[in-house]
Amino acid sequence: MKKIINPWDGLEGYMCFGCAPANPSGLHMEFYEDGDDVVAFWKPEAYYQGWLNTLHGGIQTTLMDELAGWVVMRKLQTSGVTSRLDAKFIKSISTLEPQLTVRGRIKDRKRNAIFIETEIYNSAEEVCSRADLVYFVSNPERAKEEFHFCGCKTVDE
């Protein structure tokens, strides 16, 4: 498993809720490449709950949405936006979990539409949530101009 370098770390004004390390209210997600998958490990906190000790469904969809964006950035070396996210909540997730694993991969591509599937696993490695996403990708020139995207590397590259 190889750690993916955040290409925007240090960019002035970069405050992504999902992945910006400097966002005091953010999720501070970090990403790793594991074969065809992109993976994140994340620890829930009490302030992310919906019901008592239960991770809010909106936070779960955010985790999966953010991971899908990083699948596109790492695997296709471009950026873009989420067009559709269809989430299924299978098992509730406790905010007392020591660590969650968020995992995703590309399932299909039709021109600029990328089909991605993601899952969230609890510390017992049970699938708790799953989402199918459609991501609309930009061409490299637009990704650079509009999203300041200049590539997505791992630490060993």
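- Checked by atom type and distance alone, the side chain of T78 pairs as donor or acceptor with a backbone atom of S138 at under 3.5 Å.
- Salt bridge status for D37 with R105: present, with a side-chain N to carboxylate O gap under 4.0 Å.
- A heavy-atom distance below 4.5 Å is not found between the side chains of F89 and I120.
- Closest of all the heavy-atom pairs between G18 and L27 is O-CB, 3.6 Å.
- Pairing each heavy atom of R103 with each of Y121, the nearest pair is CB-CE1, 4.2 Å.
- Salt-bridge check for K75 with D36: failed, with every basic side-chain N at 4.0 Å or more from each acidic carboxylate O.
- For the pair K3 and Y32, the cation-pi test (distance below 6.0 Å, angle within 45°) is passed.
- Alongside W51, the hydrophobic cluster contains L52 (criterion: ILVMFWY side chains under 4.5 Å).
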Inset, instruction - May I have the step-by-step check of side-chain contact (heavy atoms from CB on, under 4.5 Å) for E33 and M1, ending in yes or no? - result: CA-CA 6 Å; E33 185 173 46; M1 200 172 308; over 6 Å; no
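- Side chain of R130 to backbone of I90: no donor-acceptor contact under 3.5 angstrom is found.
- The shortest side-chain heavy-atom distance between S79 and Y135 does not fall under the 4.5 Å cut-off.
- Looking at every heavy atom in both residues, K153 comes nearest to E157 through CA-OE1, 3.2 Å.
- Every residue meeting the ring-ring contact (aromatic ring centres under 6.0 Å, His included) condition with Y48, not counting sequence neighbours, appears here in chain and number order: W42.
- Atom NZ of K43 has more than 12 neighbouring heavy atoms from other residues, nucleotides or ligands inside a 6.0 Å radius.
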Legend entry - Trace of the side-chain contact (heavy atoms from CB on, under 4.5 Å) decision for V137 with L76: CA-CA 9 Å; V137 295; L76 301 178; 4.3 Å; yes
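- In this structure, F149 is not a member of the same hydrophobic cluster as M15, with clusters built from ILVMFWY side-chain heavy atoms closer than 4.5 Å.
- When all heavy atoms are compared, the tightest approach of S92 to T54 is CB-CG2, 4.2 Å.
- Rounding to the nearest 0.5 Å gives a distance of 11.0 Å between CG of L133 and CZ of F115.
- With contacts defined as side-chain heavy-atom distances shorter than 4.5 Å, the pair E66/F31 qualifies.
- The line from CG of L55 to SG of C128 is 9.5 Å long, rounded to the nearest 0.5 Å.
- For N139, there are no side chain to side chain donor-acceptor pair (under 3.5 Å) partners at least two apart in sequence or on another chain.
- Between the side chain of E30 and the backbone N or O of F41, no donor-acceptor pair lies under 3.5 Å.
- By the 4.5 Å heavy-atom criterion applied to side chains, V38 and I4 are counted as neighbours.
- Panel note: side chain T62, backbone G58; a donor-acceptor pair is recorded below 3.5 Å.
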Legend entry - side-chain contact (heavy atoms from CB on, under 4.5 Å) evaluation trace for I116 with V72: CA-CA 9 Å; I116 301 166; V72 167; 3.6 Å; yes
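- E125 places no side-chain N or O within donor-acceptor distance of the main-chain N or O of N122, the cut-off being under 3.5 Å.
- The side chain to side chain donor-acceptor pair (under 3.5 Å) test applied to T154 returns D156, not counting sequence neighbours.
- L96 CG to Q49 CD: the interatomic distance, rounded to the nearest 0.5 Å, is 9.0 Å.
- In this structure, CG in L67 is found 9.0 Å from CG in L63, a value given to the nearest 0.5 Å.
- Side-chain contact, S94 with N53: no donor N or O sits under 3.5 Å from an acceptor N or O.
- For S123, the side chain to side chain donor-acceptor pair (under 3.5 Å) partners two or more places apart in sequence, or in a different chain, are E97.
- In the hydrophobic cluster analysis, where Ile, Leu, Val, Met, Phe, Trp and Tyr join through side-chain heavy atoms closer than 4.5 angstrom, M29 is grouped together with W70.
- In this structure S129 satisfies the side chain to side chain donor-acceptor pair (under 3.5 Å) test together with Q60, sequence neighbours excluded.
- Between E146 and the choices K144, R142, H148, the side chain to side chain donor-acceptor pair (under 3.5 Å) rule is met once, by R142.
- From I114, atom CD1 reaches atom NZ of K107 across 14.0 Å, with rounding to the nearest 0.5 Å.
- A donor-acceptor contact closer than 3.5 angstrom is absent between the side chains of Y14 and N23.
- One finds the CZ atom of R74 at 11.5 Å from the CD1 atom of I106 (value rounded to the nearest 0.5 Å).
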